[in-house]
Amino acid sequence: MNSEKGCSMAVALQDKENPRRFIFWERYEDKAAFEQHFQAEHTQRFINSGLTDLVQAFETQLLIWKKRRRRWRPLRRMTYSSPRD
C-alpha cells in the first residue's frame, strides 16, 4: 500500500527486453486524488526531469469474483489508473 494519500496501489515493472525501461502503474481512489498527485510539486519535478512521460491514464473499476453467482461484480468505488513509462 502506498503511503501517499489517495494512492491505493503503486507497482513498478521492468521491461525484460530493455532493462532501462520501467512502467509505473498507480491506482488512485478517485480522479481528484489522481489530479492532486500530478499537481504536487514532487511529481512535477519528476516529470520535468525528463526521465518519464505520462503515456496513458484511464478510469477503471475493480471487479471481484462472486463465487455463489459465478460472475464478476464491481466494487462500489471507482479507481483511477495511470500506467507510466
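These values consider heavy atoms only, across backbone and side chains, with no hydrogens, waters or symmetry-generated copies.
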Spatial distance of atom NZ (Lys66) from atom CZ (Arg73) [nearest 0.5 Å]: 7.0 Å
Nearest-0.5 Å distance that lies between atom CD in Glu35 and atom CG in Asp30: 9.0 Å
Ring geometry between His37 and Tyr28 (parallel below 30°, tilted from 30 to 60°, perpendicular above 60°): tilted
Whether Phe34 and Phe38 hold their rings parallel, tilted or perpendicular, with breakpoints at 30° and 60°: tilted
Show me the donor-acceptor pairs within less than 3.5 Å that the side chains of residues 9-17 make with the rest of the protein, sequence neighbours left out.
from	atom 1	to	atom 2	distance (Å)
Gln14	NE2	Pro19	O	2.8
Asp15	OD1	Glu17	N	2.8
Asp15	OD1	Asn18	N	3.2
Asp15	OD2	Arg21	NH1	3.2

Set of side chain to side chain donor-acceptor pair (under 3.5 Å) partners for Arg70, sequence neighbours left out: none
Sequence neighbours excluded - salt bridge (Lys or Arg N to Asp or Glu O under 4.0 Å) pairs with any residue from residues 41-50: Glu41-Arg45
